[in-house]
Each structure stands twice: as structure tokens, then as C-alpha cells.
Protein chains: 6
Amino acid sequence: MSERRMLVVGAHSADFVWRAAGAIARHTSRGGEALVVALSYGERGESGELWKQPGQTEENVKRIRHEEASKAASVVGARFEPFDLGDYPLRAGPEAVERLAELMRDFAPHVVLTHPEHDPFNPDHPAAHAAVAQARLLTSGAGVASGFRTAPPSEFLVFEPHQPELCRFTPTVYVDITPVFDRKVEAMAAMAAQQYLQEYYRQRADQRGNHARKVTGDSGIRQAEAFQRLLPNVVEAL
Amino acid sequence: MSERRMLVVGAHSADFVWRAAGAIARHTSRGGEALVVALSYGERGESGELWKQPGQTEENVKRIRHEEASKAASVVGARFEPFDLGDYPLRAGPEAVERLAELMRDFAPHVVLTHPEHDPFNPDHPAAHAAVAQARLLTSGAGVASGFRTAPPSEFLVFEPHQPELCRFTPTVYVDITPVFDRKVEAMAAMAAQQYLQEYYRQRADQRGNHARKVTGDSGIRQAEAFQRLLPNVVEAL
Amino acid sequence: MSERRMLVVGAHSADFVWRAAGAIARHTSRGGEALVVALSYGERGESGELWKQPGQTEENVKRIRHEEASKAASVVGARFEPFDLGDYPLRAGPEAVERLAELMRDFAPHVVLTHPEHDPFNPDHPAAHAAVAQARLLTSGAGVASGFRTAPPSEFLVFEPHQPELCRFTPTVYVDITPVFDRKVEAMAAMAAQQYLQEYYRQRADQRGNHARKVTGDSGIRQAEAFQRLLPNVVEAL
Amino acid sequence: MSERRMLVVGAHSADFVWRAAGAIARHTSRGGEALVVALSYGERGESGELWKQPGQTEENVKRIRHEEASKAASVVGARFEPFDLGDYPLRAGPEAVERLAELMRDFAPHVVLTHPEHDPFNPDHPAAHAAVAQARLLTSGAGVASGFRTAPPSEFLVFEPHQPELCRFTPTVYVDITPVFDRKVEAMAAMAAQQYLQEYYRQRADQRGNHARKVTGDSGIRQAEAFQRLLPNVVEAL
Amino acid sequence: MSERRMLVVGAHSADFVWRAAGAIARHTSRGGEALVVALSYGERGESGELWKQPGQTEENVKRIRHEEASKAASVVGARFEPFDLGDYPLRAGPEAVERLAELMRDFAPHVVLTHPEHDPFNPDHPAAHAAVAQARLLTSGAGVASGFRTAPPSEFLVFEPHQPELCRFTPTVYVDITPVFDRKVEAMAAMAAQQYLQEYYRQRADQRGNHARKVTGDSGIRQAEAFQRLLPNVVEAL
Amino acid sequence: MSERRMLVVGAHSADFVWRAAGAIARHTSRGGEALVVALSYGERGESGELWKQPGQTEENVKRIRHEEASKAASVVGARFEPFDLGDYPLRAGPEAVERLAELMRDFAPHVVLTHPEHDPFNPDHPAAHAAVAQARLLTSGAGVASGFRTAPPSEFLVFEPHQPELCRFTPTVYVDITPVFDRKVEAMAAMAAQQYLQEYYRQRADQRGNHARKVTGDSGIRQAEAFQRLLPNVVEAL
């Protein structure tokens with residue numbers, strides 16, 4: 001049984017579903033612990049369907065988004081923690097960074113996942129990246145004993161953005177999510193406010209599965225998720 | 001016990017020692033099989049000490065280099081196979097590529113290591129890279145059934161060059177070679193014609209060990225070797 | 001007749017003249033509408049000639065710069081709107097971004113032009129870029145119905161900086177400004193505080209014209225301006 | 001009616017179908033002329049299904065591939081011309097380059113499409129790129145009158161490879177292929193030897209359509225193809 | 001005798017020692033003037049050894065770090081000026097930038113050294129880079145007479161970070177520090193709180209010396225330091 | 001007096017004039033020695049004006065180009081040595097590389113100048129780069145005593161191409177050519193077959209002069225040439 005802890009931080013409450021639900025499910029199905037942090041509910045910029053309802057309010061949108069994300073997290077075995085910082089624009093200033101750092105010191109994750117550094121289509125994703133990267137460094141204290149509470153350094157990866165090449169994303173890791181793909185499908189189904197993305201990311205998982213088959217020759221892989229590791233991976237052998 | 005096969009291809013007979021002897025020793029000490037191919041003996045461009053001896057001949061230089069490399073390979077548990085194509089310049093044309101491809105079809109390596117694509121200090125390293133990359137693709141047949149004999153796709157990494165930044169090398173994997181470092185030291189000692197590099201790569205292993213400690217916080221790591229993976233790594237979980 | 005709306009945002013009041021006056025004139029001469037926003041007057045860092053006058057004041061410099069930029073805008077058929085945020089350093093914080101976003105929601109531009117992301121010679125150009133990029137995204141709401149007022153996504157290009165390679169600028173579009181080059185010359189002549197740049201950008205237009213001729217073989221092109229498109233261009237056919 | 005001529009060069013006879021059939025169909029449906037050159041039939045490396053048949057021969061594989069590609073080209077209104085240079089490896093030496101150059105001088109294309117410069121999964125795609133780029137330059141004579149027969153400079157774009165990020169491909173143009181998507185589907189159906197790719201590229205067209213919608217906000221776009229322009233685009237206005 | 005002035009800005013009080021002590025000593029030994037600014041004492045994140053002492057306080061850590069850095073600066077002939085802005089995180093906002101700019105206007109350095117723009121292992125180094133780059137530009141006024149006090153443009157270089165490739169650092173200048181290496185060793189010895197780095201940077205100087213020998217063939221070079229110049233170097237002849 | 005030797009290698013006989021005549025003149029006016037090698041006369045691709053004359057022959061074009069280049073070289077104090085390998089395409093195979101290497105061993109240059117590695121507008125420039133880079137490495141023998149005749153390592157720079165950004169050229173050195181600019185103008189005037197480039201490169205020298213002024217604040221600089229250094233510069237002090 002794995003005892004690894006995984007922290008997934010998204011700018012909006014649904015980000016973890018499209019981009020990492022498979023890797024989370026794979027992680028928890030092996031006994032690992034997973035915590036999903038949503039810096040905002042995406043209530044303004046990513047809840048278009050909900051705003052079409054007459055009399056809709058921001059509070060109600062947030063409530064619905066909270067329920068959806070909680071359910072999706074539960075489906076893949078993760079805990080869900082919202083920061084509710086607001087979106088479009090997400091402003092993750094020093095207080096948010098410190099809150100994230102404290103959470104990292106408590107949770108002591110082995111692996112941290114978040115958005116890539118660049119995204120020309122979304123103002124909040126790079127803001128989330130910057131906050132997570134900053135908090136992670138404030139947690140690890142340069143790898144030496146420090147004048148503040150620390151946690152061991154974690155692996156740091158970014159998940160796949162919507163238009164990868166334009167976000168300067170190059171995959172370095174494919175996670176085979178074949179055995180848990182039904183969990184990802186179910187988690188996506190919980191995000192009723194963004195139904196149009198479900199087919200998109202279902203196809204995307206197939207395509208990354210194709211890529212992973214090509215790399216390995218392993219015909220058993222049907223679906224995969226792509227990640228980019230930002231720091232070298234330390235291994236015992238190749 | 002590992003049953004993985006590792007293929008290491010160097011432009012000159014000593015390249016594998018400085019750049020990958022630790023990873024090879026780690027691999028074989030777990031039961032893996034390792035085959036080192038030297039495209040040339042480096043008899044012209046990397047055997048300066050030997051040429052200082054009066055009456056030295058190319059044949060004798062090659063003989064000495066063969067003995068040294070064979071011994072070093074043996075120290076880290078690998079088999080040594082020289083192609084003797086000549087160096088400065090190394091010309092690895094279609095025939096050499098086909099010979100490499102046939103060797104790959106027979107050996108069916110799980111992992112292939114060679115030089116990076118660029119090296120502004122050495123004309124033979126990029127030539128070796130190009131030949132290995134080409135041969136590897138001719139072996140794997142696009143990942144589908146092909147009109148020729150194939151081997152399963154292999155992992156493909158490049159090892160650390162002498163001046164990494166100028167060779168556009170960015171490490172993505174550190175291999176912890178602490179348990180086998182004495183083997184690397186012994187293998188380096190076998191390369192009498194390039195004694196001046198032994199201290200250099202001993203220090204380099206210490207520094208990469210420092211980097212790997214920084215990434216992991218694992219104070220047990222003392223020495224490491226750096227590699228760059230050219231294709232995504234397919235994993236079951238993060 | 002074109003009904004396209006073009007928004008040009010410069011850090012200082014003269015930037016649009018050197019870098020985009022030709023493209024603006026070409027746009028308006030086809031019936032398009034153009035709006036030039038100057039985030040500052042460049043009163044401190046780019047008005048050296050004016051400060052040589054005894055007794056010069058900041059207010060007077062701004063007044064002169066306003067007149068010059070208004071005249072230049074008028075020459076190329078554009079409206080001029082100064083934000084007067086101050087320069088060296090230009091600080092374009094959340095309020096300035098929101099003001100830009102509101103302007104974009106009202107004006108609903110089809111194409112937005114501003115400075116590149118990097119400029120090692122100027123502290124204000126990257127600040128302008130960041131503000132424009134952020135405002136543009138806050139305006140477009142991720143391409144879906146949003147919880148706030150939006151405008152359709154616009155094309156997004158950056159104009160040529162003073163030392164292109166060092167600003168990581170690579171041209172992807174040359175606009176043939178031959179038919180309106182006299183307008184650009186006249187607009188440049190209006191910028192009395194920076195006369196030394198007129199010859200420079202006159203030559204630059206000739207050189208980009210040479211480049212555009214080389215790309216097309218069209219000997220009728222005499223002057224051009226260079227731009228870099230940050231997002232893919234969607235076309236009906238190649 | 002368009003009178004533009006488009007030249008599409010693929011390493012193997014099916015490449016144009018997966019990567020550019022939509023753009024070709026869009027081009028010809030407007031009256032443009034299209035010529036598809038296949039440097040090889042892909043008889044060894046990309047005809048796996050055919051080699052599963054007992055008693056299969058290289059000649060027969062080529063014959064079938066010729067029929068399939070001819071039919072697919074016909075479906076999108078293009079002429080098909082095979083060079084039959086052999087694949088895995090494709091060797092496009094000086095003679096092949098000169099043959100391509102002569103063809104370009106005769107056909108005088110307005111736009112040339114081929115593979116990207118890099119592809120870590122395929123040895124033949126970069127070889128095709130190099131030959132096309134070289135031939136194109138030998139045709140255009142540096143943009144000035146030359147001591148040999150020339151054709152006007154053409155636009156030069158590369159089409160989408162199978163794993164874009166790893167081929168260093170970044171889209172700069174999306175062609176809306178919605179009106180001709182049925183033609184692309186029919187062309188793909190003609191490639192019986194690679195049926196497994198039909199669903200893949202059908203999905204890919206949907207995803208690029210999604211990307212193109214995001215860039216433009218135009219909900220009428222359903223499918224698109226992605227291209228990267230290697231030289232600046234010269235336009236009359238933005 | 002040189003009359004050049006060198007400004008070295010580090011995020012923490014010891015940074016200048018590891019990364020530039022040799023270049024400083026070389027500079028001052030030729031008669032040049034050197035000023036070291038430490039934006040913080042590194043009291044929280046880089047003083048682990050000191051925090052192991054029972055009853056340790058932040059004030060005492062700062063006091064010790066001040067003494068160490070003053071001594072090290074003195075050893076290499078430089079003046080030491082601490083800004084004491086705090087570390088982990090270092091926050092170098094508008095006031096700190098203005099303070100740096102004023103210092104630059106007074107000191108009028110010919111060359112400025114600081115950290116690279118990126119560092120995935122340290123949150124403070126990029127913050128220091130941004131502040132220095134901004135202050136330098138606010139000092140030089142775009143190279144023309146400005147509405148504020150200026151200093152002549154300075155050369156701008158970044159020094160070597162701990163894991164160069166991952167900080168996107170590529171050396172463009174090696175400074176031969178052989179004649180002053182004993183001074184660097186003595187300066188490093190003064191940094192008692194980070195003893196573990198002394199051997200690391202002693203080895204690093206040897207390795208960069210090896211690289212500089214390779215570039216020049218000058219066997220007299222034993223130790224060197226690596227820098228990356230961010231702006232072109234203007235010379236009278238090659 | 002300088003005793004440095006400079007080797008300039010161009011693909012065509014006029015390349016050295018447009019791109020490096022100023023740096024050569026500066027070099028020789030200080031007492032340095034300069035040797036210009038032209039791999040071809042550019043008789044096919046860059047002699048358009050000459051081919052407009054009725055009855056023109058290749059031999060006559062070469063003769064004229066030889067005279068022009070000899071005269072231009074003489075104007076800037078350099079010796080001219082043509083290899084006459086033919087152009088469009090220039091094929092610089094093993095024999096040409098060995099001839100260059102022998103020349104380098106004899107001449108033992110301190111600095112080598114040639115074209116950049118990439119040029120999407122010219123097939124011969126990258127071929128020249130590859131040959132020079134290869135020959136230079138075959139000459140220097142990895143910086144150690146070798147089994148063949150060597151010369152000391154040389155500085156290696158590329159000169160400015162026609163469309164810098166698209167050739168991935170980023171200047172790292174500006175040479176102030178103000179004192180010898182009249183010599184460059186005279187050398188350019190000697191290239192009668194490419195008169196259209198004289199004004200272009202006259203303007204370019206002014207612009208690079210502007211850039212060099214901006215970098216240094218030295219108003220005495222009027223004209224400059226831009227170069228990119230491919231290997232670190234080893235210096236005694238910054």
C-alpha cells in the first residue's frame with residue numbers, strides 16, 4: 001500500500017477533474033492520500049451554464065460548484081478544500097501564499113500538481129501556478145534546516161492545459177489511467193456546469209493513451225493523462 | 001531481480017565511463033544486463049597521453065584503449081562491443097546505423113543511453129547521437145506492426161556532456177549512484193589515457209549528489225549522475 | 001469597407017507612432033476604426049528633449065506630449081485616449097487593468113496591439129504588456145458565457161520593439177504599409193520630443209519592406225511593419 | 001474563384017490525409033489547385049496491417065498504398081504524385097531534392113505544406129522536411145534574379161505531427177475545415193491499412209475545432225486543422 | 001589601474017561569496033571599486049546551522065550573518081551594504097526598488113551582477129533579479145536625457161546559480177580567478193553558517209576552470225567563475 | 001599592435017562584406033591579420049544583376065565576383081581565398097571540411113567568424129556554418145594533445161544574417177565600427193552585382209550603432225556590427 005500524499009491545486013474548483021482526476025484516482029486506489037485545493041470556485045469565468053438561469057446569484061453558483069467539486073473529489077477518493085479567493089481575476093497575494101504554505105507544512109505532500117506557468121487563454125491559471133510554486137519553496141526552506149517550520153521537498157509537476165503548445169507545456173510523464181478511467185468519467189459527469197468539456201477530455205484521455213502506447217509499445221494502455229515534471233526525478237536505477 | 005536490458009552507446013570508448021558508469025553499475029547490481037557500444041576508440045582525439053609516447057602507433061593506441069574500456073566495462077558488469085569506426089571525425093553513415101539497428105533488434109534494450117544532440121566542443125558526440133536516434137527509430141517501426149523485424153520501443157535518455165548548458169542539456173533524472181560509487185571510481189581508474197578527467201568526474205558525481213539531495217531532502221544520497229529523458233516516461237502512478 | 005475595430009495600447013504616448021502607425025493608417029484607410037490608448041505620456045523617461053528647456057515642468061511636458069500624440073493619432077485616423085498613469089516606472093495595477101478591461105468591453109476590438117512581454121531596455125513596456133494581456137482575458141471570459149459582461153475574443157499581436165532579438169520578438173506578420181507610408185512619416189514628424197527616432201524608424205520601415213519583398217517576391221512592397229501574433233490565426237483557407 | 005496552387009509533401013503516402021486533407025479540400029473547393037507528393041509509400045514502416053496477410057510482398061503493399069492514396073487525393077480534389085524513394089529510412093538525397101525543386105519550378109506553388117523539422121518518433125518525417133525546405137530554397141533563388149530557373153517564393157507551413165509538443169510544433173494557424181469535414185472523413189476511410197488512425201484524427205479535428213472556437217468565439221466552427229507557419233505572413237492589413 | 005565600479009546584489013548576505021567572490025577580488029585587485037548589497041541576511045532560509053543553537057534569536061542570527069558577510073566582503077576588497085528586507089520570502093517592492101535605484105544613481109556602477117531571472121529552488125533569487133533589473137532601468141532612463149536623475153547604462157550580468165540548467169542559466173563569460181582564488185577560499189571560510197557549501201564551490205571553481213581551459217587552451221587557468229551577460233557587449237575589436 | 005589572426009568564412013564571395021567588413025577593418029587597422037575564405041562565388045544564387053547581361057557565362061560571373069571580392073577584401077586589409085565549391089546548393093562535404101581544417105591548422109586563427117546555424121531564406125549559409133564548425137573542432141582536438149596536428153582553440157562567432165530573428169540570431173557583441181565605416185562603405189561599393197544591398201547594410205550599421213549607444217551611453221558610436229558568440233568568452237576581469 002502506498003503512503004504517499006498528493007496535493008492538487010487548481011485555480012478553479014473543476015480544474016482538477018479535467019486535468020488530473022485519473023492520476024488522483026490511480027494514486028488513491030493504491031492507498032495514497034489526496035487533497036484537492038481549489039483557489040476559487042470559478043464562479044464568474046467558468047460557470048457560464050449556471051449564469052444562464054434567471055435570478056442566478058454568485059452565492060448560489062458557488063454553492064452548486066462546491067457540491068459538484070466535492071462530489072467529483074469524492075469519486076476519485078480525494079478530500080476537497082476550497083479557498084474561495086474569487087476568480088477572473090484570481091488574486092493570490094501574500095496571504096493566500098502563506099495559507100498554502102501552512103497547508104503544505106501540515107499535509108507534507110510527496111507530490112504537488114498544479115497549472116503550468118503560462119496560459120495565454122486564462123488569467124487565473126498562471127496566478128495559481130505562481131502561488132503554488134512560491135508556497136512550495138517557502139515550505140521547503142532551501143533543503144536545509146531553516147529558521148521556520150518546513151516540510152520535506154516534494155515532487156512538482158504541472159498538469160495539461162487546454163491548448164498545450166500555446167501554454168509552453170511539454171509532457172514528460174504519461175500516467176496510465178486505464179484501470180480508473182470510469183472514475184474519471186464519473187467525476188467529469190459531476191461537473192454539470194461545464195458539460196461541454198466532458199467529451200473533450202474523454203477524447204483527450206484516449207489520445208494521450210495512444211501516445212503512451214506509442215512510447216511503450218504496451219497495447220494494454222487505453223487512456224492516459226499528461227504531466228510535465230518541473231524538477232529532476234531522483235531514481236535508484238533507470 | 002531486474003531483467004531489464006540497458007544499451008549504452010558512446011562516440012569514443014571511454015565516454016560511458018565518465019557519463020554513465022554509475023547508472024550502469026546500479027543497473028547490473030540489480031540483475032539487469034548492460035551492453036556498451038563504442039563507435040570508435042577515440043584513438044585520435046581523446047588519447048593525448050598515449051600519443052606522447054615515442055613511436056606510438058594508431059594500432060597500439062587502439063589496443064590500449066580496447067583493454068582499458070573492456071576492463072572498465074567489466075568493473076560495472078557490462079559487456080563491451082567496439083565498432084571501431086574511427087574518430088575525429090566519427091562518420092556514422094547508413095551502414096553504421098544499420099549495424100546499430102540490427103544490434104538493437106537482437107538485444108531489444110529496455111533503455112538506451114547516448115550523447116546529447118548538441119555539443120559545440122566535440123564533433124563526434126552529435127554524430128553518435130544522430131546515429132543512435134536513427135537506429136532506434138528504424139528498430140521500433142512507428143510502434144505498429146511493420147514490414148521489417150522490430151524490437152519494442154525503448155526508453156531513450158542522453159547522459160551528461162562535459163559543459164552541459166552549452167550542449168543544451170537539462171537534467172530530468174538524477175540516478176543515485178551512492179551504493180556503487182566505488183565501482184565508478186574503479187572504472188574511471190582504468191582509463192589511464194585520460195587520468196585528468198577522473199578527479200573532474202569524481203567531483204561532478206558529488207555535485208549531482210548535492211543536487212539530488214536538494215530535490216529530495218534525502219541526506220543519504222552522496223553521488224549521482226544526471227540524465228535527460230527525451231521521451232515522456234510512462235508510469236502507473238505519480 | 002472594413003468594420004473592424006483596432007485597439008493599440010502603448011506604455012508611453014509616442015509608442016504607437018514608431019511601432020504601428022502604418023498598420024493603423026492601413027486599417028483606417030479601409031474604413032476600420034482605431035483607438036490608441038497611452039498608459040502614460042512618457043513624461044519622465046522619453047521626453048529628454050523637452051526637459052532640456054529651462055524651467056520645464058512635468059505638467060507642461062505632458063501637455064506637449066498630449067498635443068503631439070493627438071496630432072499623430074489624427075494623422076493616421078485614430079482616436080487618442082491617455083490614461084496618464086505616470087512612467088518610469090509605469091505601475092499598471094488592478095485598477096488600471098480593470099479600466100482597460102471596461103474599455104475593451106465597450107470598444108469590443110477585433111484586434112489588439114501592444115508591446116512584447118519582454119524588454120531588457122525598458123521597464124514600462126513589459127508592464128504595459130502584462131496589463132493589456134490581463135485585461136483582454138478578463139474581457140473575454142474564457143470563451144464561454146460568464147458571470148460578467150464580456151466582449152468577443154480579439155486577435156492579439158505585439159508590435160516591434162527597439163532591439164527585437166533581445167526582447168525575444170520574432171515577426172510572424174509583416175503589414176505592407178507602402179500605400180500609407182507618407183502618413184506614418186507625418187505622424188512621426190509630430191513627435192518633436194523624439195526627433196532622433198524618426199530617421200531610425202523610417203529606415204526600419206524600409207528594412208521590413210525588404211524582408212517582406214523577400215518573403216513574397218512582390219517588388220511593389222517598399223515599407224512594412226513587423227508584428228508577432230501571440231495566438232493562432234483562424235482562417236478559412238491557406 | 002481562387003487560383004492558388006498548393007503543394008503538399010509527405011514522407012509516406014498517407015501523411016497528407018491525416019494532417020492536411022481538410023485544408024486541401026477547403027483549398028480545392030474554392031477553385032484552388034492541389035498537388036500531393038508522397039516521397040515514399042510507407043510500405044515498410046506504416047503498412048503493418050497489410051503485412052499481416054500471408055504471402056504479402058513489398059510490390060503488392062506499394063500497389064495497395066498507391067490505390068488508397070490516389071483515391072484519398074481524389075476525394076479532396078488533389079492530384080497525387082508518388083516519388084517511391086523507399087521508407088524506414090527515407091533517404092532524400094541531392095537527386096530527390098533536385099527532383100522536388102524541378103517540380104516546384106514547374107508547379108510554382110503559392111503555398112507549400114510538409115512535416116515539421118523534428119520528430120522523435122519517426123525517422124522519415126524530418127528527412128522529408130529537410131528535402132522540401134532545401135528544394136524550396138533552390139527554387140526561389142534568394143528572392144533575386146538568379147543564374148537558374150526560379151519560381152516565386154511560396155508560403156511555407158508545416159502540418160500537425162502525431163505528438164505535437166515533442167516535435168516542437170506550435171500552431172500558428174487553424175484552418176476551419178467544418179464545411180469539408182465529410183470529405184476528410186471519406187479520405188481517411190480510404191486508408192484501409194491504417195484504420196486505427198481514423199478515429200484518432202477525427203477526434204483531433206474536433207479538438208482543434210474547439211481551440212479555434214476559443215480563439216475566435218465563432219461557435220460555427222466544428223472542426224479545424226492546425227499548422228505552423230515558418231515564415232512571416234505578409235498582409236495588407238490586420 | 002582600473003577605475004571601474006562594480007555593484008553586486010544578492011538576495012541573501014552570503015550569495016556574493018559563492019557566486020562572485022573571485023570576480024570581485026579580480027576587479028578590486030586591479031584597482032576597481034566594488035560594492036556588495038545584500039537585500040536580506042538570509043536569516044530564515046539560509047542560516048540553518050545557526051538555528052540549531054539553543055535559544056537562538058533572529059536578531060542574533062542577523063548579527064552573525066552581518067559579521068560574516070562584512071568579513072568576506074573585506075577579504076575581496078569590497079564594501080558591504082545590507083538592506084535587511086527579510087527573507088523567505090524576500091519582498092522587494094517599489095520602495096526597495098527605488099532605494100536600489102538611488103544607490104545606483106549615486107554609485108554609477110560600470111557593471112552590475114545579480115541572480116538569474118529564474119530559480120525553481122529559491123523564491124528570493126528571482127525576486128532579487130526583478131528588483132535589480134527594474135532599478136537599473138529606472139536609473140538609466142532609456143539612454144536619453146530624462147526627467148529624472150540618471151547614471152550611465154551599466155553592463156548587466158547574472159552569476160551562476162546552484163543548479164544552472166534548471167535556472168535556465170547559460171554561461172557566456174568565464175572570469176579567470178586563478179590569481180585570487182585564495183581570496184575566494186578565505187571569503188568562503190568566513191561564512192560559518194553555510195560550511196557545507198565551501199567544498200561545493202571550491203570544486204565548482206575547479207570545474208569552471210577546466211571549462212575555461214577547454215575554451216582557450218590556456219593551461220594556466222586553474223579556477224574560474226561563470227556569468228551570463230544579459231545585454232550585448234560593446235567592443236572596439238574582436 | 002595586435003597580433004591576432006581572424007578567419008572569416010562566407011558561403012558566397014560577398015558575404016563577408018555585408019556582415020563583417022567593419023569588424024575586419026577594425027581588426028586589421030590595429031595590426032591584426034585577416035583571412036577571408038569564400039566557399040563559393042555565389043555565381044548562381046547571388047549574382048542576379050550579372051546574369052541580366054546577354055551572353056553571360058558562369059565563368060565570367062565567377063571572374064567578376066572574384067575581382068569584386070578581392071578588391072573588397074583589400075579595402076579592409078584582408079587576404080581573400082576562394083574555395084569555388086559552387087552555390088545553390090553549396091555542398092561542403094568531408095573534403096571541403098578537411099581543406100578548411102588544414103587551413104585552420106596553418107593559419108591558427110584567434111577568432112573565427114561565419115554564418116549562423118539556421119537560415120530559412122538561404123540553403124548555403126547553414127551548410128557553410130556546419131562545415132566551419134566541424135573543421136574548427138577537427139582542428140582543436142578537444143583541447144588536449146591529440147593524435148593529429150592541431151591549432152589552439154579559437155573564439156567562434158557568427159555574424160548577422162539578413163533577417164536575424166528568423167535565423168534565431170541574438171546579438172551578444174556589438175563591434176563599434178565608427179572609425180572604419182568609410183572602409184566598409186568602400187568595400188560594399190566594390191560589390192557591383194549586389195548594389196541593392198549597399199543602402200540596406202549602410203542603414204543596418206546605423207541601427208546597430210544606435211543599439212550600441214543605447215547599451216553603453218557612448219554617443220561617439222555611430223555605426224556598429226552585431227555578432228553572436230557561440231562559446232563563452234574568457235576574461236581576466238569584468
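So you know, we letter chains A, B, ... as the sequences are listed, proteins then strands, and number each from 1.
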Residue among [options] with most heavy-atom pairs under 4.5 Å to chain B:
options	result
A:Arg229, A:His211, A:Arg4, A:Met6	A:Arg4
A:Leu238, A:Ile221, A:Leu231	A:Leu238
A:Leu113, A:Asp176, A:Val175, A:Leu157	A:Val175
A:Val215, A:Asp218, A:Ile177	A:Val215

Practice problem: Provide the closest heavy-atom pair for B:Pro153 versus A:Lys214 in the form atom of the first, atom of the second, distance. | Solution: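 Shortest heavy-atom separation between B:Pro153 and A:Lys214 comes out as CG-O, 3.7 Å.
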Quiz item: A:Thr216 versus chain B, heavy atoms under 4.5 Å apart: side chain, backbone, both or neither?
Solution: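 Its backbone and side chain both get close to chain B.
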Quiz prompt | Contact class of A:Ala23 relative to chain B, heavy atoms under 4.5 angstrom | solution =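 Side chain only.
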Practice problem: Please tell me if the side chains of B:Val235 and A:Val173 come closer than 4.5 Å, counting only heavy atoms from C-beta onward. | Solution: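 The answer is yes, as the side chains (C-beta and beyond) meet within the 4.5 Å cut-off.
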Quiz item: Taking only heavy atoms into account, what residues of residues 158-171 of chain B are found under 4.5 Å from chain A?
Solution: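 The stretch touches chain A at B:Pro171.
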Practice problem: Taking atom CD of B:Glu236 as the centre, report whether more than 12 heavy atoms of other residues, nucleotides or ligands fall under 6.0 Å from it. | Solution: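 For B:Glu236, atom CD is not crowded (no more than 12 foreign heavy atoms under 6.0 Å).
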